[in-house]
Amino acid sequence: MQQAIVRVVCAIGQSGQLGLEGKLPWEGNRSPPYVADVARFFDLTRGHVLLAGPKTIASVPKFARVDRELFTVRSSMDPQETLGRFAGRIVFIGGGPPVWNAYAHLVSHWDVTRLPYDGPADRWFDPRWLVGGS
Ligand SMILES: NC(=O)c1ccc[n+]([C@@H]2O[C@H](COP(=O)([O-])OP(=O)(O)OC[C@H]3O[C@@H](n4cnc5c(N)ncnc54)[C@H](OP(=O)(O)O)[C@@H]3O)[C@@H](O)[C@H]2O)c1
């Protein structure tokens, strides 16, 4: 059976900031790099599967729920078995960090945009994910 193609597209701040209080740390920033990054995320994931933890899925805006398949993963679910549901599809692993910890070893392509943001965060990118670990 054809396997899922497993990718990540995410955005980080200058020091690896990923999230703050359940949102993107730069949420609401309308300056060009941030607006372009969100648009690019929705372009790249259009038509594909976006698999993520419950908080990340809850933060996907209504308009973006129609042209990509959203799938909530829980810690009780086995990553290999979960991906088996999506044979032949492109699956984007959308985070947050515990989800990337569990799926990093299965990812074939990381697309990481480093934004100009350099403020606080409570969720951080772990570079070990890029080599399949955590
Ligand atoms: N900058 C970016 O590109 C980006 C991308 C994504 C998220 N974020 C940010 O990250 C934050 C949300 O992430 P979060 O981690 O707090 O919440 P989350 O998205 O709900 O992801 C974490 C949850 O996923 C579940 N999970 C599913 N599979 C798992 C597994 N195999 N192992 C462990 N846990 C698993 C766990 O919940 P259960 O135990 O309840 O199942 C865990 O608490 C927000 O601030 C968001 O904006 C940023």
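Note that ligands are numbered from 1 as they come in the structure, with each ligand's atoms numbered from 1 the same way. Positions are given from 1 along the sequence.
The L24 neighbourhood of ligand 1 comprises atoms 1 (N), 2 (C), 4 (C), 47 (O), 48 (C), with distances under 4.0 Å to a heavy atom of that residue. Of all atoms in ligand 1, numbered sequentially from 1 with element shown, those under 4.0 Å from a heavy atom of L20 are 45 (O). Taking every heavy atom of G19 and a limit of under 4.0 angstrom, the matching atoms of ligand 1 come to 9 (C), 45 (O).
Ligand 1 has an N or O atom lying under 3.5 Å from an N or O atom of P54, backbone or side chain. Remark: ligand 1 and G94 share no N or O pair separated by less than 3.5 Å (distance only, no angle test). At least one N or O atom of K55, backbone or side chain, sits closer than 3.5 Å to an N or O atom of ligand 1. Of the polar atoms of L18, at least one N or O is found under 3.5 Å from an N or O of ligand 1, judged by distance alone. The N/O atoms of W100, backbone and side chain alike, include none that comes under 3.5 Å of an N/O atom in ligand 1. By the 3.5 Å distance cut-off applied to N or O atoms, W26 is not counted among the residues near ligand 1. Considering backbone and side-chain atoms alike, R74 places an N or O below 3.5 Å from some N or O of ligand 1.
Under a hydrophobic-cluster definition in which Ile, Leu, Val, Met, Phe, Trp and Tyr are linked whenever side-chain heavy atoms come within less than 4.5 Å, directly or via other members, I57 and F42 are assigned to the same cluster. Taken together through direct or relayed side-chain contacts under 4.5 Å among Ile, Leu, Val, Met, Phe, Trp and Tyr, L106 and L50 form parts of separate hydrophobic clusters. Hydrophobic clustering (side-chain heavy atoms under 4.5 Å, transitive across Ile, Leu, Val, Met, Phe, Trp, Tyr) groups Y103 together with V8. One hydrophobic cluster, built from ILVMFWY side chains closer than 4.5 Å, cannot hold both V9 and I12; they sit in different ones.
In this structure, the side chain of W100 engages the main chain of I93 through a donor-acceptor pair within 3.5 Å. With hydrogens and angles disregarded, a donor-acceptor distance shorter than 3.5 Å links the side chain of R68 to the backbone of A64.
Of all the listed residues (K23, R123, E21), K23 holds the heavy atom that lies closest to atom 45 (O) of ligand 1. Nearest-heavy-atom check against atom 13 (O) of ligand 1 across G96, G16, P79 picks out G96. The heavy atom nearest to atom 15 (O) of ligand 1, considering only C10, G53, A102, P98, is found in P98. Comparing P97, G95, S75 against atom 38 (P) of ligand 1, the shortest heavy-atom distance belongs to S75.
A salt bridge links R46 with D43; the closest basic N to acidic carboxylate O contact falls under 4.0 Å.
Contact record, V35 with N29: CG2-O, 4.4 Å, taken as the closest heavy-atom pair.
Of the protein's heavy atoms, A11 O, 2.7 Å lies nearest to atom 1 (N) of ligand 1. Protein heavy atom nearest atom 19 (O) of ligand 1, with residue, atom name and distance: T56 OG1, 2.6 Å.
Contacts of V99 with ligand 1, taken as heavy-atom pairs under 4.0 Å, involve the side chain alone. With a heavy-atom cut-off of 4.0 Å, F125 does not touch ligand 1 at all.
Rounded to the nearest 0.5 angstrom, D111 CG and H109 NE2 are separated by 5.0 Å.
For Y117 and Y34, the gap between ring centers reaches or exceeds 6.0 Å. For an aromatic pair to be called close, the ring centres must be under 6.0 Å apart, and F41 with F92 fails this.
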